Engineer: 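I am attaching a structure below and will ask some questions about it afterwards.
Each chain gets a letter, A, B and so on, in the order the sequences are listed, and its residues count up from 1. Since the model is a prediction, treat every value here as computed from it, not as a measurement.
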Protein chains: 2
Amino acid sequence: MPLKVRKNKSPSPPPPCMLSHCMAVISGAWAANVIWSLRAGPRRFNELRTDIPPISAKVLSARLSELEQRGVLSRNVQPTSPPSVEYALTDLGGELVPALEAIVEVGHRLKMRDDG
Amino acid sequence: MPLKVRKNKSPSPPPPCMLSHCMAVISGAWAANVIWSLRAGPRRFNELRTDIPPISAKVLSARLSELEQRGVLSRNVQPTSPPSVEYALTDLGGELVPALEAIVEVGHRLKMRDDG
DNA sequence: CAGGATCCCGCTCGATACTG
DNA sequence: CAGTATCGAGCGGGATCCTG
């Protein structure tokens with residue numbers, strides 16, 4: 001499994017190309033959507049849930065932790081009365097946006113081709 | 001599940017953004033690697049298996065079919081004595097390469113940041 | 001409001017064996 | 001060589017409940 005190597009039982013040699021590791025940044029079903037939602041600016045937890053309706057809180061939380069740990073986004077806790085947390089793309093995270101836009105562009109044209 | 005909607009039981013409304021559908025093009029664990037391996041030119045089935053060691057024949061076959069159907073790559077059967085099949089990126093498929101390169105670039109710098 | 005804990009499901013993938 | 005068929009495992013994910 002290239003997107004995430006966690007099994008020690010994996011007998012196969014690691015793929016030489018580093019694409020796998022890099023793609024892991026947008027792995028999981030929702031990571032790309034999170035980055036996408038953050039591209040216009042910082043968002044709070046429930047705002048992200050609203051942006052991406054079908055995502056569950058658990059998975060959103062998991063993806064946010066993962067992306068934060070990878071340095072794609074930052075987490076700012078506001079010590080207000082109802083605690084609120086703001087997530088924002090880091091500089092490096094922001095650089096993923098053009099790439100996603102390019103993929104969306106191509107995907108769009110592929111779809112047009114499909115639907116006739 | 002945004003990358004692929006096949007369950008009819010999904011009660012949630014489809015996400016308005018089309019990112020999901022577009023990301024489906026490089027979904028699955030290996031699609032990106034396949035595109036990556038093809039970026040330098042056409043490759044045969046077993047060459048791809050060699051390029052991406054841990055992939056199984058079954059999954060490679062499945063991904064190739066999917067990518068062909070989506071219009072990302074083309075399949076050319078050579079009627080030689082040992083049958084050989086060449087896979088190559090289509091024009092649209094080729095346009096995904098810069099996007100992948102951008103992601104790899106960012107992923108690389110993220111990794112450097114991680115490892116210190 | 002933000003998210004952790006738990007349970008369960010199903011897709012994706014790997015291994016192996018087999019076909020044209 | 002280029003796949004397909006079958007089997008089984010594991011991880012990602014959804015639903016629900018619960019906490020600070």
Side-chain angles (χ1 to χ4, degrees), chain A residues 1-15 20 23-24 26-34 42-69 73-88, chain B residues 1-15 20 23-24 26-34 42-69 73 75-87:
Chain A
M1 170 184 316
L3 297 187
K4 208 132 178 213
V5 178
R6 56 165 70 86
K7 275 187 299 191
N8 53 348
K9 67 168 295 191
S10 173
S12 38
S20 308
M23 288 299 297
I26 56 170
S27 80
W30 302 108
N33 294 75
V34 170
R43 303 286 281 168
R44 306 228 322 261
F45 188 85
N46 273 0
E47 288 180 321
L48 289 171
R49 290 199 66 184
T50 304
D51 291 342
I52 317 166
I55 198 174
S56 65
K58 168 185 141 187
V59 174
L60 177 55
S61 180
R63 288 296 145 257
L64 288 171
S65 300
E66 209 174 285
L67 291 171
E68 183 198 4
Q69 186 217 333
L73 55 80
S74 62
R75 196 180 108 113
N76 276 320
V77 181
Q78 321 279 348
T80 56
S81 47
S84 80
V85 183
E86 271 201 351
Y87 295 91
Chain B
M1 164 185 321
L3 296 187
K4 208 135 180 208
V5 178
R6 55 166 71 85
K7 274 188 298 191
N8 51 349
K9 68 168 293 191
S10 172
S12 37
S20 307
M23 287 300 297
I26 57 170
S27 79
W30 302 107
N33 293 75
V34 171
R43 304 285 280 167
R44 307 227 320 259
F45 188 86
N46 273 0
E47 288 179 322
L48 289 172
R49 290 200 66 183
T50 304
D51 291 341
I52 317 167
I55 198 174
S56 66
K58 170 184 136 184
V59 174
L60 177 57
S61 179
R63 289 295 144 257
L64 288 171
S65 300
E66 208 174 288
L67 291 170
E68 184 197 4
Q69 186 217 332
L73 55 80
R75 196 179 108 115
N76 275 321
V77 181
Q78 321 279 349
T80 56
S81 46
S84 79
V85 183
E86 272 202 349
Y87 295 91

Engineer: If you take all heavy atoms of Ser27(A) and Glu66(A), which pair is closest and at what distance?
Structural biologist: OG-OE2, 4.2 Å

Engineer: OP1 or OP2 of dC1(D) less than 4.0 angstrom from a side-chain nitrogen or oxygen of Arg44(B), does that happen here?
Structural biologist: no

Engineer: Does Arg75(B) place a side-chain N or O at less than 4.0 Å from the phosphate oxygens OP1/OP2 of dG3(D)?
Structural biologist: yes

Engineer: For a quick test of reading the model: is some side-chain N or O of Ser61(B) closer than 4.0 Å to OP1 or OP2 of dT4(D)?
Structural biologist: yes

Engineer: Please determine if a side-chain N or O atom of Arg49(B) lies less than 4.0 Å away from the OP1 or OP2 oxygen of dG3(D).
Structural biologist: no

Engineer: Please determine, for the side chain of Ser84(A), which listed nucleotide (dT12(C), dA2(D), dA2(C)) has the closest atom?
Structural biologist: dA2(C)

Engineer: Would you please test Leu48(B) and Leu64(B) for side-chain contact (heavy atoms from CB on, under 4.5 Å) and show each step?
Structural biologist: CA-CA 10 Å; Leu48(B) 289 172; Leu64(B) 288 171; 3.9 Å; yes

Engineer: Measure CG/Leu48(B) against P/dC1(D) and give the value in whole Å, please.
Structural biologist: 13 Å

Engineer: Could you check whether any side-chain N or O of Ser61(B) sits under 3.5 Å from a backbone N or O of Ala57(B), counting only pairs where one atom can act as donor and the other as acceptor?
Structural biologist: no

Engineer: If I take atom CD1 in residue Ile52(B) and atom P in nucleotide dG14(C), what distance separates them, rounded to the nearest angstrom?
Structural biologist: 11 Å

Engineer: Once you round it to whole Å, what is the distance between C1' of dG14(C) and CG of Asn33(B)?
Structural biologist: 16 Å

Engineer: Grab the CD-C1' distance between Glu86(A) and dA2(C) for me, whole Å please.
Structural biologist: 14 Å

Engineer: Whole angstroms only, please: what is the CD1-P distance between Ile55(B) and dA2(D)?
Structural biologist: 15 Å

Engineer: When the distance from CG of Asn46(A) to C1' of dA2(C) is rounded to whole Å, what number comes out?
Structural biologist: 7 Å

Engineer: By nearest nucleotide on DNA chain C, pick out whichever of Ser56(B) and Pro82(A) is the more 5' one.
Structural biologist: Pro82(A)

Engineer: Does any part of the side chain of Pro82(A), heavy atoms only, come nearer than 4.5 Å to the side chain of Thr80(A), both counted from C-beta?
Structural biologist: yes

Engineer: What is the distance, rounded to the nearest whole Å, between atom OH of Tyr87(B) and atom P of dC1(D)?
Structural biologist: 14 Å

Engineer: From the options dA2(C), dG13(D), dC1(C), select the nucleotide whose nearest atom is closest to the side chain of Lys58(A).
Structural biologist: dG13(D)

Engineer: Among the candidates dT4(D), dT12(C), dG3(C), find the nucleotide nearest to the side-chain atoms of Ala57(B).
Structural biologist: dT4(D)

Engineer: Quick check for you: among dC1(C), dC1(D), dG13(D), whose closest atom lies nearest to any side-chain atom of Trp30(A)?
Structural biologist: dG13(D)

Engineer: Just how far, in rounded Å, is C1' of dG4(C) from CG of Leu64(A)?
Structural biologist: 14 Å

Engineer: Could you please spell out the steps behind the side-chain contact (heavy atoms from CB on, under 4.5 Å) verdict for Asn33(A) and Arg63(A)?
Structural biologist: CA-CA 10 Å; Asn33(A) 294 75; Arg63(A) 288 296 145 257; over 6 Å; no

